[in-house]
Amino acid sequence: MLRARLSALRNGTTDADGAQRTALFTFTVRIVGAALAYLSQVFLARWMGGHEYGIFVVVWTWVVIVGVIAPLGFNSAVLRLIPEYLEKNQPELLRGVITASRLYAVGSAVLLSSIGALGVWLLSGEIASYYILPAYLMALCLPLFTLTDIQEGLARANAWTDLAMLPTYIWRPLLILLVMLGASILDEPHTAVTASVAAILATWLVAGGQFFAINRRLRTLVTPGPRAWDPRKWFSIALPIFLAEGLFVLLTSSDVLMVGYFMPPERVAVYFAAAKTLALVHFVYFAVKAATAHRYSRLHHAGDRAGLAAFVEASVKWTFWPSLAGTLFLLAFGKYILMLFGTGFTDGHILLSILLIGVLARAAIGPVDALLTMAGEQKRCAMVYMATFACNLALNLTLIPLYGLKGAAIATAAAMVIEATLLFTVTRKYLGLYTFIWRPAGVVLDTRAEQPDG
């Protein structure tokens, strides 16, 4: 039985087999990448100390947030558009969307980084002086950070998992770590500025290498020829995704910024260490999402309701059970893992325990945000994130002044539970699909199995 299953996993041609191969590779990359990223954060925390590490955390979090917003939703829109154009044999539109997605994303990032740098200059009297130079440096990092994000989407849309996952999750953290080790050997100052320079070098090198590698593969997918442009359709798909993903990243990262607003960098460092440790479990959700999004699109556009329902049920299981195992592991050993960051970081264990509640709630419904987006319900997905972000913001603003870091953890975990509940409800109502990990007897996976797709 096991041998037959392994053979099917290696050689199977069904969507489930392909998705499981992709998921297995993605899980492996995310595990190794999470270890590398974690190692680099431990090194940074120990090398810089809590104060400088906290400064770097705040400015890097801004890069992550703006870097997700800057692609204007095209990083995920291509996951829906490229399979559609391949399915319908529309090479002109395929060439057009590949070119346009990069142009729109990088142009947007350059504009946003310029606005950000101008804002830092205009508000320099209101911003703590130790944030200013790292913030300027991170503005230089943003355009190529964004290019990596859009190229990840192009690679995922074509199931080129190596080019999608390795640059972001292996090569960039590895290069940051190597540059920082070199700085340490050269006895460079142990500051957030040095770390920011390392992040810039790593991001630019990785983005450039990924750009040329993807271009090589694209030449085998679509021959040179005329491009067709359909910006109205593209933006009608991308902008709601932009809103949803922008709100999602705000939901998952704004707590760090709000802790930074209310508390000194040393406390931000403790909170961020807990959040990074949390990512050792949360990566399962993102790995399954990366492996399944374009297949949701293909099954939906092919009108295969039964296949889509079964695939959704499987993807929820792939998300929940590894996440549950990881949660139990961190509850048992999280305190000892946090000790790697240095003295004082074990205060983050209680924060980790609280935040894990939210991560498990999200895992219990699988990557249904990707499902909604690929099925044309991106506007409703965006509305869910808008409501969730409003709750998250209100809770953080209320609870951080009262309870400090615990307040931020409670607010974020509560927001993730609200998000999961709303996404489950919307998916059930508008797609007719049941996505919760536990299905009571008599509850059907697909309430629209007898109805035409659409």
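Below 30°, between 30° and 60°, or above 60°: for Trp234 and Phe74 the angle between ring planes is above 60°, a perpendicular geometry. Aromatic ring pairs are classed by plane angle as parallel below 30°, tilted from 30° to 60° and perpendicular above 60°; the pair Phe43 and Trp47 is parallel.
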Without placing hydrogens or testing angles, list every side-chain donor-acceptor pair under 3.5 Å for residues 114-130, not counting sequence neighbours.
from   : atom 1 : to     : atom 2 : distance (Å)
Ser114 : OG     : Val110 : O      : 2.9
Ser124 : OG     : Trp121 : O      : 3.1

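Contact between Val316 and Ile365 at its shortest, heavy atoms only, is CG2-O, 3.5 Å. Closest non-hydrogen pair, Ile98 versus Ser101, comes out as O-OG, 2.9 Å.
Not one N or O on the side chain of Ser323 forms a donor-acceptor pair closer than 3.5 Å with the backbone of Leu360. Between the side chain of Thr194 and the backbone N or O of His190, no donor-acceptor pair lies under 3.5 Å. In this structure, the side chain of Ser40 does not engage the main chain of Leu177 through any donor-acceptor pair within 3.5 Å. Of the possible polar contacts, one joining the Trp204 side chain to the Leu140 backbone as a donor-acceptor pair under 3.5 Å is found. Using a distance-only test at 3.5 Å, with no hydrogens or angles considered, no donor-acceptor pair links the side chain of Ser108 to the main chain of Tyr104. In this structure, the side chain of Arg46 engages the main chain of Leu340 through a donor-acceptor pair within 3.5 Å. Put simply, the side chain of Glu266 never gets that close to the backbone of Gly54: no donor and acceptor are under 3.5 Å apart.
Within 6.0 Å of atom CE in Met263, more than 12 heavy atoms from other residues, nucleotides or ligands are found, so the atom counts as buried in its surroundings.
For the pair Arg295 and Phe311, the cation-pi criterion (under 6.0 Å, within 45° of the ring axis) is not fulfilled.
Rounding to the nearest 0.5 Å gives a distance of 11.5 Å between OG1 of Thr412 and CD of Glu419. His282 contributes atom NE2, which lies 10.0 Å from atom OG1 of Thr319 (distance to the nearest 0.5 angstrom).
The side chain to side chain contact (heavy atoms under 4.5 Å, CB included) test with Leu154 singles out one residue from Arg102, Arg217, Gln210, and that residue is Arg102.
Phe272 and Phe345 have their aromatic ring centers separated by at least 6.0 angstrom. Aromatic ring centres of Phe145 and Trp60: separated by under 6.0 Å. If you look at Tyr296 and His300, their ring centroids are not closer than 6.0 Å.
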Are Asn75 and Asp149 close enough, and set up right, to give a side-chain hydrogen bond (donor to acceptor under 3.5 Å, both in side chains), and what steps lead you there?
-> CA-CA 6 Å; Asn75 53 328; Asp149 200 21; 3.1 Å; yes
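Remark: Thr99 pairs with Arg227 by the side chain to side chain donor-acceptor pair (under 3.5 Å) rule, at least two apart or across chains.
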